[in-house]
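Report on the structure given below.
What's counted below: heavy atoms across the whole structure, side chains too, no hydrogens, waters or symmetry copies.
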Amino acid sequence: MVGTTFFGNFDLASAAIWLFWIFFAGLIYYLQTENMREGYPLLDEEGKPAPNQGPFPVPSDKTFHLRDGRGELALPSGQRGDRDDLALAQSSRAAGSPYIPTGDPMLDGVGPASWAPRRDAPELDAHGHVKIKPMSQLPDFILSAGTDPRGKVVVGGDGEVVGRVTDMWVDVPESLVRFLTVDLNPEGSGKTRLIPINMARIKGDRVVVRSLYAHNWEGVPVTKLPDVVTLLEEEKIMGYYAGGTLYASADRLEPQV
């Protein structure tokens with residue numbers, strides 16, 4: 001028979017299982033090395049390449065063509081590195097010692113106020129449109145449930161009234177509110193700041209933002225354009241409000257009971 005003559009005593013079942021294991025090992029190697037395109041090579045505390053990068057080698061560069069004409073990106077060499085302007089100082093020379101802020105941690109973006117150096121461009125949806133827009137520019141959107149925060153006063157963590165909500169910023173594809181616009185001038189001079197919706201509590205007669213006190217509002221990062229917020233600006237705004245939970249006043253740095 002043709003099949004018997006060709007294979008002879010060759011064990012097809014054994015060959016199949018060995019081919020499967022070889023394929024599976026190659027798949028694990030491929031997935032692991034592809035997973036190392038961001039965050040590698042590992043660095044030590046001084047920012048130098050760590051001597052041990054793990055059991056798998058750091059992959060060579062692969063060039064990705066970014067959508068919407070945003071150029072190309074080669075990884076891992078072209079990834080954004082860590083920020084090198086951190087206003088921090090190590091509390092002692094011993095390895096693992098904590099770092100302490102050397103300036104205003106909320107403005108410097110360190111500790112709980114940290115932010116990542118994301119792309120300074122707005123996030124786009126699948127059609128290339130800006131995802132987050134002011135609701136005042138979206139005539140097709142209405143508030144169908146919950147309490148409308150527009151027109152309500154904004155109260156900080158110290159109980160001071162700091163302004164009034166004038167608009168909401170909506171993630172259009174997700175139909176979710178991401179930010180509130182607060183006008184810091186009662187007469188409506190246009191001196192506005194954005195409030196992350198997850199840092200605000202909307203009540204019947206007010207919007208409460210516990211993380212900031214009255215003197216912190218001037219320092220909230222602003223957007224370059226009045227109707228666009230970039231990924232980097234989102235990071236800085238979120239970090240500022242988060243940092244206020246610890247750094248808004250000296251009292252918050254003390255032990256709390």
Side-chain angles (χ1 to χ4, degrees), residues 23-24 26-43 47 49-50 53-54 56-86 108-110 113-144 166-181 192-200 220-243:
F23 164 78
F24 193 64
L27 178 64
I28 292 176
Y29 180 87
Y30 171 78
L31 294 177
Q32 180 59 37
T33 52
E34 287 299 308
N35 191 42
M36 296 168 67
R37 293 200 179 279
E38 291 184 287
Y40 284 85
L42 301 177
L43 304 178
Q53 296 291 328
F56 296 91
V58 178
S60 57
D61 273 352
K62 178 188 285 187
T63 300
F64 296 87
H65 302 279
L66 304 182
R67 51 170 290 190
D68 303 314
R70 293 190 170 184
E72 297 179 344
L73 178 63
L75 294 176
S77 67
Q79 62 186 314
R80 297 182 185 86
D82 296 330
R83 294 165 53 197
D84 56 2
D85 57 345
L86 299 179
D108 295 333
V110 297
S114 298
W115 47 267
R118 301 179 72 188
R119 180 184 292 271
D120 194 15
E123 186 177 6
L124 305 179
D125 63 15
H127 303 286
H129 304 144
V130 176
K131 288 185 67 175
I132 302 178
K133 296 180 179 178
M135 193 168 171
S136 58
Q137 299 182 6
L138 301 170
D140 296 335
F141 275 69
I142 61 171
L143 189 67
S144 60
T166 58
D167 203 355
M168 298 186 287
W169 289 52
V170 179
D171 186 325
V172 176
E174 303 291 340
S175 296
L176 290 174
V177 177
R178 298 295 190 192
F179 295 96
L180 303 177
T181 301
T192 60
R193 298 291 186 273
L194 293 183
I195 305 173
I197 190 65
N198 55 323
M199 300 299 290
V220 177
V222 298
T223 61
K224 294 188 294 292
L225 299 175
D227 56 350
V228 175
V229 59
T230 69
L231 295 169
L232 180 60
E233 291 166 346
E234 285 187 58
E235 280 282 319
K236 291 183 177 181
I237 294 171
M238 297 282 191
Y240 190 87
Y241 281 86

Which atom of [X] lies closest to which atom of [Y], heavy atoms considered:
X      : Y      : result
Asp167 : Ser136 : OD2-OG, 2.7 Å
Trp169 : Val228 : CH2-N, 3.7 Å
Gly78  : Leu73  : O-CD1, 3.4 Å
Tyr29  : Pro57  : OH-CG, 3.4 Å
Arg67  : Asp125 : NH2-O, 2.6 Å
Gln53  : Val58  : OE1-CG2, 4.2 Å

(request) Could you check Trp115 against Glu234 for side chain to side chain contact (heavy atoms under 4.5 Å, CB included), going step by step and ending with a plain yes or no? (result) CA-CA 9 Å; Trp115 47 267; Glu234 285 187 58; over 6 Å; no
(request) Run the salt-bridge test on Asp171 and Arg178 with the 4.0 Å N-O cut-off and return the result as yes or no. (result) yes
(message) So that I can tick it off, tell me whether Glu34 and Lys62 are bridged by a salt bridge, with the cut-off set at under 4.0 angstrom between side-chain N and carboxylate O.
(response) yes
Interatomic distance, [X] atom [atom1] to [Y] atom [atom2] [nearest 0.5 angstrom]:
X      : Y      : atom1 : atom2 : value
Leu180 : Met168 : CG    : CE    : 7.5 Å
Glu174 : Ile132 : CD    : CD1   : 10.0 Å
Lys236 : Tyr241 : NZ    : OH    : 15.5 Å
Phe56  : Met36  : CZ    : CE    : 8.5 Å
Ile197 : Phe179 : CD1   : CZ    : 10.0 Å
Ile237 : Leu194 : CD1   : CG    : 4.5 Å

(request) Mind checking side-chain contact (heavy atoms from CB on, under 4.5 Å) for Ala242 and listing every partner two or more places apart, or none if nothing turns up? (result) none
(request) Dump the intermediate steps for side chain to side chain contact (heavy atoms under 4.5 Å, CB included) on Phe141 and Val172, then the final yes or no. (result) CA-CA 9 Å; Phe141 275 69; Val172 176; 3.9 Å; yes
(request) Verify salt bridge (Lys or Arg N to Asp or Glu O under 4.0 Å) between Arg70 and Asp68, making sure each step is shown before the conclusion. (result) CA-CA 6 Å; Arg70 293 190 170 184; Asp68 303 314; 5.3 Å; no
Backbone N/O of [Y] and side chain of [X]: donor-acceptor pair under 3.5 Å:
X      : Y      : value
Glu123 : Leu231 : no
Thr230 : Glu233 : yes
Asp108 : Val110 : no
Glu235 : Leu232 : no
Gln79  : Tyr40  : yes

(request) Please assess His129 against Leu124 for the test side chain to side chain contact (heavy atoms under 4.5 Å, CB included), listing each intermediate value before the final yes or no. (result) CA-CA 5 Å; His129 304 144; Leu124 305 179; over 6 Å; no
(request) Determine, step by step, whether Asp120 and Lys224 satisfy the salt bridge (Lys or Arg N to Asp or Glu O under 4.0 Å) criterion, reporting the C-alpha distance in whole Å, the side-chain angles of both residues, the deciding distance to 0.1 Å, and the verdict. (result) CA-CA 10 Å; Asp120 194 15; Lys224 294 188 294 292; 3.0 Å; yes
Measuring only between side-chain heavy atoms, which start at C-beta, is [X] closer than 4.5 Å to [Y]?
X      : Y      : value
Val222 : Val220 : no
Phe64  : Arg37  : yes
Glu72  : Leu66  : no

(message) Check this for me: Glu38, atom CD, are more than 12 non-hydrogen atoms of other residues, nucleotides or ligands nearer than 6.0 Å?
(response) no
(request) Evaluate the criterion side chain to side chain contact (heavy atoms under 4.5 Å, CB included) for residue pair Leu138 and Val170; output intermediate values, then yes/no. (result) CA-CA 9 Å; Leu138 301 170; Val170 179; 4.1 Å; yes
